[in-house]
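One structure below.
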Protein chains: 2
Amino acid sequence: MMAKSKYLVIADEIKKRILEGVYPARELMPDQNSLAKEFQVSRMTVKKSLDRLASSGLIYKQSGLGTFVLGNIPIKAAGDTPANAFNGLTEQHGAEKIESKVISFEVKFPSVDIQKRLDVAKDSPVYEIIRLRIVEGDPLILEHTFMPVNLVPGLNEEILKSSIYEYLHHELKLKFGGAYRKIRACLPDEYDKKYLNASEHDPMLEFEEIVWLNNGKNIEYSTSRNRFDKRSYTVLDVNDF
Amino acid sequence: MMAKSKYLVIADEIKKRILEGVYPARELMPDQNSLAKEFQVSRMTVKKSLDRLASSGLIYKQSGLGTFVLGNIPIKAAGDTPANAFNGLTEQHGAEKIESKVISFEVKFPSVDIQKRLDVAKDSPVYEIIRLRIVEGDPLILEHTFMPVNLVPGLNEEILKSSIYEYLHHELKLKFGGAYRKIRACLPDEYDKKYLNASEHDPMLEFEEIVWLNNGKNIEYSTSRNRFDKRSYTVLDVNDF
DNA sequence: CAGTGGTCTAGACCACCCT
DNA sequence: GGGTGGTCTAGACCACTGG
């Protein structure tokens, strides 16, 4: 295991100083040369640290002027669910609080749509999984997932009841490369009514996604739904030009 | 104006090669040293180009192995609306296709909530604007916006009918620093029914956001709604560890 | 004008992967 | 071992900002 990079250590330290008010919000913080001298590193390394903080929305750099500390974001709350986050529910809430009920677990040949979305041949089997995720006794999300069998050997109900991501990462040693998600509102269907206690006209928030591995192979296509009053998604957008 | 940086030029060229299939999907592309030699730059510069492409989801780099070209994203479509994009509707659709109807345009003292969200004093006036955005004759989005008057002097109905962003950027020379958005589903209210032709039980997709400038000052707090069947939002998430 | 951040270099060492 | 990408350096030049 490699030691933590200098630029990460420095980024953490600067972040700490910002959060503690050592570098106050809405003011300039020390310039890159001073920081480089203080931390005994080259300016490039300091810049890399600042780039990180800038892309997380904590500071804003302006050539010729300096580096501003930005303020807190008023509508940002601790319970927010970032729309770009890989960690499944289990990591977000902790394994104790979460429970998974397997509604359906089948293997089948993929439909034309699923062939396209997972980039698999028509005779290459896929799992089709429907799971209800329950947080602190409250039914939260209904997941409808497809995964190629050849990429996920040995999947079973026991795993589905705990954490698929855990299995993929630690047992199969797979690494995610990225994901593309679509968020929309929709009407409830029979499953939503049955499992999420949605009434006839409760709006549903739907989350459709494709996840791929670091080798480019698609590992998952899924649609997840939750009741409109249970969950929203957040996005941070940082301007970079 | 500065000339385009080398690393941007190189990133564009590599992107072009990927899209044209010179570097085929799901295969390794040339290593950084070869590219550095080809483009007559240092390896650091090539790496910077590749970092850009990696964070846009086009390639994936793995230490010790090489750089993979990733494939197309199946559910990604040309008409997708990225949840992280600053350009208003006008830029997304082109000024000809879009029309804005001003439902309400007022100046008032901010409520306690708005004081917090815009970080303004209680006696510092704010604009409250309700606009209906119509694309190709179709009512698409109902926007409810608050902006501090002192940051946006001279706002008038004429501007509201065309493009606020245009005014902010080109007339007032303001630059956005970032935005934080929450996406959720909700029930239609009277405005939605009246202006977006939502029926009693049509789910609505709501987009709540705060936008700040590069100096950290909050320029806008708004909630926008569209009918569930008219629009969805997309997010690209790239794994970086 | 001096100071800022952005870019770029040539070279170095490292951890990692495959053989 | 040989090749990959990741990090880091010491220094350089640039464009932009402010006084």
Side-chain angles (χ1 to χ4, degrees), chain A residues 1-14 23 27-55 58-70 172-175 177-178 213-216 238-241, chain B residues 1-14 23 27-55 58-70 173-175 177 213-216 238-241:
Chain A
M1 194 57 162
M2 173 163 143
K4 209 171 178 184
S5 310
K6 286 189 193 179
Y7 79 96
L8 291 176
V9 174
I10 294 172
D12 283 348
E13 171 61 25
I14 294 175
Y23 302 151
E27 290 184 21
L28 286 171
M29 50 174 277
D31 64 277
Q32 296 181 355
N33 279 312
S34 313
L35 292 168
K37 191 166 287 183
E38 184 201 331
F39 290 110
Q40 292 287 306
V41 296
S42 75
R43 185 162 74 94
M44 283 288 282
T45 302
V46 167
K47 182 178 179 299
K48 213 168 167 182
S49 308
L50 296 183
D51 285 345
R52 256 185 98 77
L53 299 180
S55 75
L58 213 58
I59 60 175
Y60 183 88
K61 292 176 275 122
Q62 188 161 359
S63 187
L65 241 171
T67 302
F68 291 98
V69 178
L70 296 177
L172 300 179
K173 308 287 184 199
L174 299 175
K175 279 181 190 164
L213 300 174
N214 54 13
N215 58 15
V238 172
N239 207 351
D240 64 333
F241 48 126
Chain B
M1 194 57 163
M2 173 160 143
K4 209 171 178 184
S5 309
K6 286 189 192 178
Y7 79 97
L8 291 175
V9 174
I10 293 171
D12 283 349
E13 171 61 24
I14 294 174
Y23 303 150
E27 289 184 22
L28 286 170
M29 50 173 278
D31 65 275
Q32 297 180 356
N33 279 311
S34 313
L35 292 169
K37 192 167 286 182
E38 186 202 329
F39 290 110
Q40 291 288 306
V41 296
S42 75
R43 185 162 74 94
M44 284 287 283
T45 303
V46 167
K47 184 179 178 296
K48 213 167 168 183
S49 308
L50 296 183
D51 285 345
R52 254 185 101 75
L53 299 179
S55 74
L58 214 57
I59 61 175
Y60 183 87
K61 292 174 275 125
Q62 186 162 0
S63 188
L65 243 171
T67 302
F68 291 97
V69 177
L70 296 176
K173 308 288 185 199
L174 299 175
K175 280 181 188 163
L213 300 174
N214 55 12
N215 59 14
V238 171
N239 206 352
D240 63 333
F241 47 125

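First the proteins, then the strands, lettered A, B, ... as listed; each starts at 1. What you see is a predicted model, and the numbers here were worked out from it, not measured in a lab.
The side chain of A:Ser42 approaches D:dA10 more closely than any other nucleotide in the set C:dG5, C:dC8, D:dA10. Closest to the side chain of A:Tyr7, out of C:dG6, D:dC8, C:dC13, is D:dC8. Checking C:dC8, C:dG6, D:dG5 against every side-chain atom of B:Asp31, the shortest atom distance belongs to D:dG5.
Among residues two or more places apart in sequence or in another chain, the side chain to side chain contact (heavy atoms under 4.5 Å, CB included) test is passed with A:Leu8 by A:Lys4, A:Ser5, A:Arg52. Applying the side-chain hydrogen bond (donor to acceptor under 3.5 Å, both in side chains) rule to B:Ser34 yields the partners B:Asp31; only residues at least two apart in sequence or on another chain are considered. Listed by chain and number, the residues in a side chain to side chain contact (heavy atoms under 4.5 Å, CB included) with B:Leu65 are B:Gln62 (sequence neighbours excluded). With sequence neighbours left out, the salt bridge (Lys or Arg N to Asp or Glu O under 4.0 Å) criterion links A:Glu13 to A:Lys16, A:Arg17.
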(request) Given side-chain contact (heavy atoms from CB on, under 4.5 Å), test B:Leu28 with B:Phe68 step by step and report yes or no. (result) CA-CA 4 Å; B:Leu28 286 170; B:Phe68 291 97; 3.9 Å; yes
(request) Test A:Asn239 against B:Lys175 for side-chain contact (heavy atoms from CB on, under 4.5 Å), laying out the working first. (result) CA-CA 9 Å; A:Asn239 207 351; B:Lys175 280 181 188 163; 5.6 Å; no
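Atom CG of B:Leu8 and atom P of C:dT7 are 7 Å apart (whole Å). Note: CE (B:Met29) to P (D:dG3) measures 19 Å, nearest angstrom. Here C:dT7 presents its C1' atom at 17 Å from CZ of B:Arg43, a figure rounded to the nearest Å.
Using a 4.5 Å heavy-atom threshold, the side chains of A:Leu35 and A:Gln32 count as separate. Residues A:Val69 and A:Glu27 form no side-chain contact, since every pair of their non-hydrogen atoms from C-beta on lies 4.5 Å or further apart.
OP1 and OP2 of D:dC8 both lie 4.0 Å or more from every side-chain N or O belonging to A:Lys47. Neither OP1 nor OP2 of C:dG6 sits under 4.0 Å from any side-chain N or O of B:Lys48. Distances shorter than 4.0 Å separate some side-chain N or O of B:Thr45 from OP1 or OP2 on C:dT9. For the OP1/OP2 pair of D:dT4 and a distance below 4.0 Å, the side-chain nitrogens and oxygens of B:Lys61 include no atom meeting the criterion.
Minimum interatomic distance between B:Leu70 and A:Asn215 (heavy atoms only, all atoms of both residues): CD2-C, 4.5 Å.
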Any N/O pairs under 3.5 Å between the protein and nucleotides 17-19 of chain C? List them or say none.
none

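Looking at residues 32-41 of chain B, you'll see B:Gln40, B:Val41 sit with a heavy atom under 4.0 Å from some atom of DNA chain C.
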